[in-house]
Every structure is written in structure tokens, then in C-alpha cells.
There are 2 protein chains.
Amino acid sequence: MQATKRSIIDAANILFYQQGYDHTSFSRIADEIHISRGNFYHHFKSKDEILEAVLQVRMSHTCEMLNGWEKESDNALDCIRRFIQILDVNFDKIQSYGCPVGTLCTELGKLNHNAQEEANQVFVLFLDWLKKQFILLGHEKEAEHLAMHLLARSQGVATLAHAFQDRDFVMYEIQEMFDWLDNINEEE
Amino acid sequence: MQATKRSIIDAANILFYQQGYDHTSFSRIADEIHISRGNFYHHFKSKDEILEAVLQVRMSHTCEMLNGWEKESDNALDCIRRFIQILDVNFDKIQSYGCPVGTLCTELGKLNHNAQEEANQVFVLFLDWLKKQFILLGHEKEAEHLAMHLLARSQGVATLAHAFQDRDFVMYEIQEMFDWLDNINEEE
DNA sequence: GTCTATACCTGGATAGAC
DNA sequence: GTCTATCCAGGTATAGAC
């Protein structure tokens with residue numbers, strides 16, 4: 001892929017996160033990477049097409065991250081802990097811009113945008129991965145529920161972290177999720 | 001207050017919720033209540049001023065709702081259950097547009113909008129009210145944490161409900177929150 | 001108090017020179 | 001492949017008639 005196309009996607013990826021999709025203009029992206037506005041249309045047919053490309057990048061980045069967590073973890077329990085800890089690891093960004101997945105899905109939902117379904121697929125990647133970990137822990141039957149539950153909790157924490165910029169709250173909730181995780185694995 | 005000003009605020013309140021603040025234009029509001037675009041500036045100096053008015057309305061509506069819950073409930077436990085149940089009661093809207101409080105705070109945060117702090121105050125109303133209920137239940141020390149925790153959980157559920165339009169998930173999570181509520185009140 | 005007309009800007013998108 | 005110039009729609013905001 002051409003360097004310019006690549007840099008458009010990367011800049012758009014960041015700006016869509018920081019400012020929202022709708023609010024991010026071609027001018028803003030162009031300023032960022034020092035190209036002219038007209039140049040976009042050599043690489044993309046429309047703004048929507050840039051969004052598509054950004055979503056593909058996010059999908060593959062997410063896959064890589066999830067695979068990486070599995071490789072670096074000793075077991076499924078550690079994997080799930082890694083997931084929970086992104087709230088701490090990425091706190092600065094979350095505090096400033098919220099969760100990149102959740103906020104985009106929410107925005108596209110309100111815009112009634114075609115790509116909402118595709119944006120949701122990033123959520124689905126996390127859900128399937130979490131479900132897999134819960135199954136490995138022996139929770140075949142409840143795996144789906146547990147995955148949704150944990151994703152919802154992390155989304156809620158990210159939302160309030162963004163609103164209130166409160167790191168203590170985030171650390172407290174991470175501990176709560178750790179405790180919850182221990183509890184569901186003790187019961188047997 | 002004049003009827004027109006009132007209707008502008010009401011229409012803006014709904015549209016800001018359904019489409020987002022930034023994405024809602026004067027034309028869209030004008031169409032809704034059948035006035036001309038120029039008419040806005042007799043009642044408001046700017047779009048930001050409409051947002052201010054909408055936030056004030058939301059603040060007072062929220063206060064009324066919370067007071068109403070207290071009056072209609074037998075005790076603090078019922079009050080908190082009422083809070084949890086808005087996810088069910090308002091499911092249709094949440095499914096379509098997310099939580100009105102959370103999504104606005106998130107949007108204004110990304111826009112770096114001055115009114116973000118004011119929008120957060122609606123969250124604070126819920127938090128203070130929940131805190132009060134937890135104190136009434138005898139959780140003086142943890143009341144703050146419990147309030148933030150429950151608000152975060154409901155935010156997370158709303159986010160995923162909006163993304164996936166899944167009522168079963170919402171009902172399951174409501175039950176989980178009820179169970180959690182029972183648990184923290186058993187331990188003594 | 002409400003309207004029409006309009007100013008001015010910025011958005012996405014196109015055409016064509018280089 | 002990148003640029004400049006330009007188009008058109010739509011945004012907020014203003015002026016002034018009624």
C-alpha cells in the first residue's frame with residue numbers, strides 16, 4: 001500500500017478516536033499529514049471509504065493484540081486479567097477520549113451510519129475472545145453471559161473515566177473485576 | 001417562558017439525544033417545530049446557548065424523577081431497584097440512542113466543549129442520589145464507591161444495548177445487579 | 001415575535017494542470 | 001500521485017421587513 005494512503009488511514013484512525021468521525025474533517029486530516037484536500041480522492045472515493053479502511057485496521061490490530069495476550073499469558077485467567085487491565089494501561093487515552101470501540105459504535109449508531117454493524121464487529125472480536133477464555137476456565141454454559149458482562153463493565157468504567165477523569169475509580173473497579181473473576185472461579 | 005422558546009428547547013432536547021449535539025442542525029430543529037431558522041436568534045444567541053437550556057431542563061427533569069422515585073418507593077432498596085430498572089423501562093430508547101446522559105457527556109468530551117462539565121452534573125445528580133440511598137442502607141463508608149460502581153454498570157449495559165439491541169442481555173444484567181444489591185446487603 | 005433574505009464559512013467532492 | 005482551483009450543499013449567524 002502507498003505511503004500516503006497508509007498515512008491517511010493512520011491519521012484518520014487517531015482523529016476519529018479523538019474528535020469523533022463526523023466532527024473530523026478532511027482539512028483536519030490533511031493538516032495533520034501535510035497533504036492537500038484534493039489528494040484524498042486519489043486514494044478514497046469518499047469519507048465513508050476512509051472509515052471502512054480505519055475499521056479494517058482496527059479489526060486487525062485488535063486481533064493482533066488479542067493473540068499477543070494469549071501468547072504472553074500463562075493461562076486463560078491471566079488472559080482475562082490482561083483484558084481488564086487495559087483500563088489501567090490505556091488510562092490516559094481513555095480519560096481523554098473514552099474507549100475507541102465503544103465511542104465509535106455509539107456515534108455511528110446515532111448517525112444511523114451504514115458502518116455501525118462493522119464497527120460492532122470489533123466488540124465481537126473481544127466477546128468471542130473472552131468467551132473462549134471463559135470456556136477454557138470451564139464455564140462452557142455461561143461463557144457468553146460472562147463475556148458480555150465483563151465487556152459491559154469495562155465499557156461503563158471507560159465512560160465514567162472519560163467523564164470524570166478519575167484514576168482512583170478506575171483502579172478500584174479493576175480490583176472489583178479481579179475479585180469477581182476470582183469468585184466465579186472459586187465456586188465449584 | 002414563551003411557547004416558541006419552550007418548543008425549541010424541547011425539540012433540541014430530543015434531537016440532541018437522538019442524533020447527537022454536533023450533528024443536529026438548526027434546520028433540523030426548525031423543521032421539527034415548524035419555525036424558520038432566523039427565529040432562533042430572537043430566543044438564543046447561539047447553538048451553545050440552546051445546549052445550556054437543554055442541560056438545565058435535563059437537570060430539573062432528573063431531579064423530579066429522582067424525587068419521584070423516593071416518594072413512590074418504600075425504602076432505599078426499592079429506590080436503587082428503580083434506578084436499575086430504567087434500563088428495562090427505557091429499553092426502546094436506549095436501544096436506539098443509548099443513555100442520554102452518557103452519550104452526551106462522551107460527545108461533549110470529544111468536542112472539547114465548554115459544557116462538558118455541566119453535562120457531567122446530570123451524572124452527579126444520579127451519583128449523589130445513589131450515594132444517599134446506600135447510606136440509608138448503612139453503607140456510609142462505601143457509599144461513594146457503590147454509587148459509582150452501579151452507575152458504571154448501568155452505563156456499560158446501556159452502551160452494549162445500543163450497539164447490539166439485545167433485550168435478553170439487558171434483562172440478564174438487571175438481574176445480576178439485583179443479585180449484587182442483595183449480596184452487599186446480606187453481609188453483616 | 002416571526003418571517004425572508006442573505007452573508008459567510010466550512011463541509012465533502014470534482015476537474016484538470018503538473 | 002499530488003497539487004490548485006472550484007463547485008455545491010449545508011452549517012451558523014445577521015439584517016431588516018412585517
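Labels below follow one simple rule: chain letters A, B, ... track the order of the sequence lines, proteins then strands, and each chain is numbered from 1. Not measured: the values here are computed from a predicted model.
Rounded to a whole Å, the CZ atom of A:Arg28 is 15 Å from the C1' atom of C:dG11. Atom-to-atom, NE2 of A:His43 to P of C:dT14 comes out at 16 Å; the value is rounded to the nearest Å. Atom-to-atom, CD1 of B:Ile33 to P of C:dG1 comes out at 15 Å; the value is rounded to the nearest Å. Note: CD1 (A:Ile29) to C1' (C:dT10) measures 15 Å, nearest angstrom. Taking atom CG on A:Leu51 and atom P on C:dG11, their separation rounds to 18 Å, with Å as the unit. As rounded to whole Å, 13 Å separates atom P of D:dT4 from atom CZ of A:Phe40. Atom-to-atom, CD1 of B:Ile35 to C1' of C:dT2 comes out at 9 Å; the value is rounded to the nearest Å.
Ring planes of A:Tyr41 and A:Phe26: parallel class, angle under 30° (limits at 30 and 60°). In this pair, A:Trp69 and A:Phe126 present their aromatic rings tilted. The plane angle is within the 30 to 60° band.
Checking the phosphate oxygens (OP1, OP2) of D:dT2, no side-chain nitrogen or oxygen of A:His42 falls inside 4.0 Å. Using a 4.0 Å cut-off, no side-chain N or O of A:His34 falls inside it from OP1 or OP2 of D:dT2.
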Side-chain polar contacts of residues 77-86 of chain A - donor-acceptor pairs under 3.5 angstrom, sequence neighbours left out - could you list them?
unit_1	atom_1	unit_2	atom_2	d
A:Asp78	OD1	A:Arg81	NH1	3.2
A:Arg81	NH2	A:Asp182	OD1	3.4
A:Arg82	NH1	A:Glu72	OE1	3.4
A:Arg82	NH2	A:Glu72	OE1	2.4

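Aromatic ring centres of B:His145 and A:Tyr172: separated by under 6.0 Å. The distance between the ring centers of B:Phe169 and A:His149 does not fall below 6.0 angstrom.
Crowding of B:Glu144 atom CD: a count of heavy atoms from other residues, nucleotides or ligands under 6.0 Å not exceeding 12.
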Contact pattern, 5' to 3', of nucleotides 12-18 of chain D - B, S or - by protein heavy atom under 4.0 Å: BBB----

